[in-house]
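The block underneath contains the structure these notes are about, expressed in structure tokens.
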Amino acid sequence: MNNREIAAVFERVADLLEFQNANPFRVRAYRGGARRVGDSPESLAAIVADRGAEALTELDGVGKDLAGKIAELVETGRLEMLEELLAEVPAGVLDVMRVPGLGPKKAAALHKELGVATLEELRAACESNRVRDLKGFGAKTEEKILAGLAIAASAQERTRWANAEPTVLAVLEHLGTLDEVLRIDPAGSYRRGRETVGDLDFLVDIGEELDAALVEKVMDRFGAFESVDSVVARGETKMTVRMASGLQADLRVVPTESYGAALQYFTGSKDHNVEVRGRAKQRGLRINEWGVFKTDDDGEQGERVAGDSEEDVYAALDLPRFPPELREARREFELAEAGPLPELVTLDDLRGDLHMHTTATDGKATLEEMATAARERGLEYIAITDHSKRVSMAGGLDAERLRKQWAMIDELRATLPKGFSVLKGIECDILEKGGMDLPDDVLAEADWVVASLHYGQQQPRAQIMKRLVGALENPWVSIVAHPTGRLINKRESYDVAVDELIAAAAENGKLLELNANPARLDLDDVHCAAAKTKGVPIVISSDAHSVEGLAVLRHGVQQARRAGLTASDVANTRTWKQLGKLVRRGE
DNA sequence: GCCGTTTTCGGCCCGACTGTTTTCAGTCG
């Protein structure tokens with residue numbers, strides 16, 4: 001059982017416990033455990049196998065009990081506690097709890113009073129007006145549930161960051177042009193640069209006073225944004241709308257003196273904030289979205305000590321202003337205690353792009369066009385890495401066509417200005433039975449060999465690993481591209497033991513790709529962080545199939561920053577010559 | 001269920017908004 005599956009079990013346990021009205025801190029412990037497990041770069045099954053269940057308690061938030069349950073899961077594939085809970089609670093109520101506005105308490109009341117255990121039964125109960133008579137419910141609640149059922153049916157999944165970006169920019173423009181809006185920033189997971197966002201958060205600075213008339217004006221303007229479908233809620237400082245796309249957006253309006261505190265607060269993550277506010281409490285301080293305050297002897301909010309800027313808020317706790325990408329309650333507090341935070345990699349640090357396609361296979365631009373566009377983007381070198389012959393649908397290259405392309409590259413090189421290089425590369429498929437799609441003597445002639453797996457993605461783990469590790473052991477391979485093969489919201493990854501893959505890369509002196517395509521972002525942040533700890537350099541590549549495709553590098557940089565990578569952890573921040581020293585090629 | 005130079009027991013972040021309540025519970029982030 002892999003980490004993600006273990007995390008899913010703990011989430012499920014937490015949901016069921018919540019439904020049973022269990023101790024909320026116990027529920028939190030399971031949710032925290034799920035997050036820690038999901039964030040762990042090491043395979044917990046491997047930890048149990050190598051060092052025993054006891055070693056799991058080294059994970060923050062995992063104690064003796066959760067460690068035992070993880071061991072039970074990896075050893076038996078089952079969790080007795082979960083099965084007992086499922087016997088007590090009808091599984092359908094978990095769906096009921098996912099309807100907006102329904103939580104564990106209301107779901108429990110619906111089940112107890114009306115026997116509602118599925119979404120269908122919930123709909124029937126609402127339509128026959130039986131819900132409105134329950135204590136704590138009313139006609140409005142009933143209507144909201146029916147509307148919420150429609151939303152739940154359209155199963156809105158999280159939106160890829162890059163798909164949310166146009167909406168975010170349009171809202172910033174729409175509100176930013178108002179004179180009353182002094183500052184506006186997106187917050188939440190969008191600001192943290194997560195690969196997907198659940199909803200959007202916007203924060204507005206309205207000036208010294210929280211003037212009701214001004215707030216009204218800003219909210220009216222927000223509600224008039226062209227994509228807004230309906231207003232979900234509207235209060236004195238906070239407003240929520242639903243876009244036609246189904247995406248929700250929150251607006252918070254605060255006075256200038258609270259802007260930093262509010263930005264910190266609404267950027268999250270939730271777990272990061274829990275840690276921050278816990279630290280505040282230890283120091284006799286209280287942090288909320290309005291500022292940092294001293295706590296009086298009677299526990300009431302006292303003198304204000306910070307709030308204008310995020311720097312001040314963090315400084316009040318002797319913490320650095322964490323880059324938003326790091327605020328996930330993973331290792332950032334540990335890093336802060338160890339010294340200055342690492343300087344995270346930036347787009348400007350990248351000097352080369354080592355994965356792209358041309359019209360020779362499935363690209364839309366020619367060799368010359370890709371080279372020109374890359375040079376205009378300020379890159380110093382690129383590798384042309386078209387597909388190999390196994391990828392027949394893309395017109396993959398055999399040895400003969402590949403050598404022709406390399407001859408063209410030789411010709412092109414003669415025309416290039418000093419300071420820009422085009423490298424002879426290939427994205428060579430890793431065959432289903434193992435081994436590379438082109439012979440070693442051909443690969444040996446390349447400057448840069450990207451190995452990747454496009455076929456046989458459903459094979460069992462052992463075979464997938466044999467293929468990937470085999471590629472890393474090939475003396476001429478430089479790197480494995482999109483190592484897990486996942487497509488965000490579309491396709492699961494292959495059954496890869498990423499820690500073993502990283503170990504194999506380290507052993508063979510090879511690199512691993514962070515594919516910057518926003519649908520891939522593969523390796524992800526957690527795995528890139530794991531590669532860093534094992535000393536395996538990451539290459540951020542566009543995998544561009546067009547001139548425009550080169551622009552995705554920034555998404556890769558964002559993911560790398562979330563992994564805590566600095567420029568020196570990313571191989572293509574180096575010159576091509578320096579980069580060559582990182583890769584062990586040839587025998 | 002986790003955790004600890006204020007602790008191995010008694011804590012565990014904090015506020016806005018809604019709908020149903022006559023003073024607040026539930027949900028959400």
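In what follows, chains are A, B, ... by sequence order, proteins preceding strands, each numbered from 1. The structure presented is a predicted model; accordingly, all values stated were derived computationally and were not measured.
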Note: A/Arg35-A/Asp60 ion pair, threshold 4.0 Å (strictly below): no

Length of the CD-C1' vector between A/Gln282 and B/dT7, whole Å: 12 Å

Rounded distance in Å - CE (A/Met97) to P (B/dC28): 10 Å

Between B/dG29 and B/dT21 - P atom distance, rounded Å: 24 Å

side-chain hydrogen bond (donor to acceptor under 3.5 Å, both in side chains) partner of A/Asp525, the single match among A/Gln558, A/Arg330, A/Arg194, A/Arg561: A/Arg330

Sugar-phosphate, base or nothing in reach of A/Glu275, heavy atoms under 4.0 Å: nothing

Sugar-phosphate, base or nothing in reach of A/Phe137, heavy atoms under 4.0 Å: sugar-phosphate

Electrostatic pair A/Asp15-A/Arg12, nearest N-O below 4.0 angstrom: no

Given B/dC12, B/dC14, B/dG26, the nucleotide with the shortest approach to the side chain of A/Lys106: B/dG26

Nucleotide B/dG26, atom P - distance to CD of A/Glu142 in whole Å: 19 Å

B/dT7, syn or anti by chi within 90 degrees of zero: syn

Audit row: A/Thr76, A/Arg78, side-chain hydrogen bond (donor to acceptor under 3.5 Å, both in side chains) steps and yes/no: CA-CA 5 Å; A/Thr76 70; A/Arg78 304 169 48 227; 5.5 Å; no

Same-atom distance (P) from B/dT5 to B/dG1, integer angstrom: 23 Å

Euclidean distance, atom CG of residue A/Leu102 to atom P of B/dA25 [Å, nearest integer]: 19 Å

Whether A/Phe333 and A/His272 hold their rings parallel, tilted or perpendicular, with breakpoints at 30° and 60°: parallel

A/Arg132 CZ - B/dT21 C1' separation (whole Å): 18 Å

Residues A/Arg192 and A/Glu332 bridged, charged N to O under 4.0 Å: no

Step-by-step side-chain hydrogen bond (donor to acceptor under 3.5 Å, both in side chains) determination, A/Asn3 to A/Glu42: CA-CA 8 Å; A/Asn3 293 0; A/Glu42 268 184 288; over 6 Å; no

base_contact_polar (B/dG1 base, A/Asn23 side chain, donor-acceptor, <3.5 Å): yes

P atoms of B/dG26 and B/dT20, separation to the nearest Å: 14 Å

Sidechain N-carboxylate O distance under 4.0 Å for A/Arg234, A/Glu216: yes

Candidate nucleotides B/dT20, B/dG1, B/dT18, ranked by approach to the side chain of A/Ala233 - the nearest: B/dT18

Spacing of the P atoms in B/dC28 and B/dT23 (rounded, Å): 25 Å

Any A/Arg252 side-chain nitrogen or oxygen under 4.0 Å from OP1 or OP2 of B/dG29: no

From B/dG1, B/dC14, B/dA16, nucleotide with atom closest to A/Asn288 side chain: B/dC14

Candidate nucleotides B/dC3, B/dC2, B/dG15, ranked by approach to the side chain of A/Asp65 - the nearest: B/dC2

Length of the NZ-C1' vector between A/Lys238 and B/dC14, whole Å: 12 Å

Touch class at under 4.0 angstrom, heavy-atom based, for A/Lys135 against every strand present: nothing

Separation of atom CD in A/Glu236 from atom P in B/dG15, rounded to whole Å: 16 Å

Per A/Ala29 side chain, nearest of listed nucleotides B/dC2, B/dC17, B/dT18: B/dC2

Sugar-phosphate only, base, or nothing, as touched by A/Lys105 at under 4.0 Å among non-hydrogen atoms: sugar-phosphate

Sugar-phosphate, base or nothing in reach of A/Pro104, heavy atoms under 4.0 Å: sugar-phosphate

Nearest-angstrom distance from the residue atom NZ of A/Lys144 to P of B/dC28: 9 Å

P atoms of B/dT6 and B/dC2, separation to the nearest Å: 23 Å

Nearest-angstrom distance, C1' atom, B/dG15 to B/dG10: 25 Å

Basic-acidic side-chain contact under 4.0 Å: A/Glu289, A/Lys238: no

Nearest to side-chain heavy atoms of A/Gln248, which nucleotide of B/dG19, B/dC12, B/dG29: B/dG29

Residue mapping more 5' on DNA chain B - nearest nucleotide basis, A/Leu59 or A/Gly235: A/Leu59

Minimum-distance nucleotide (side-chain atoms of A/Glu289 versus B/dG15, B/dC12, B/dG29): B/dG15

Presence of A/Lys64 side-chain N/O under 4.0 Å of B/dC3 phosphate oxygens OP1/OP2: no

B/dC12 to B/dT7 separation - P atoms, rounded to the nearest Å: 16 Å

Proximal nucleotide (of B/dG29, B/dA16, B/dG1) relative to the A/Lys270 side chain: B/dG29

OP1 or OP2 of B/dC28 under 4.0 Å from side-chain N/O of A/Thr240: no

Closest-nucleotide ordering on DNA chain B, the 5'-leading residue of A/Met81 and A/Phe266: A/Met81

Of the listed nucleotides B/dA16, B/dC3, B/dG1, the one nearest the side chain of A/Thr237: B/dA16

C1' spacing across the pair B/dC3 / B/dT8, given as an integer number of angstrom: 9 Å

A/Trp290 vs B/dC14: side-chain N/O to OP1/OP2 distance below 4.0 Å: no

Sugar-phosphate only, base, or nothing, as touched by A/Ala139 at under 4.0 Å among non-hydrogen atoms: sugar-phosphate

B/dT8 - base-pair partner by Watson-Crick or wobble geometry, distances under 3.5 Å: none

Options B/dG29, B/dG26, B/dG1, nucleotide nearest the side-chain atoms of A/Asp199: B/dG29

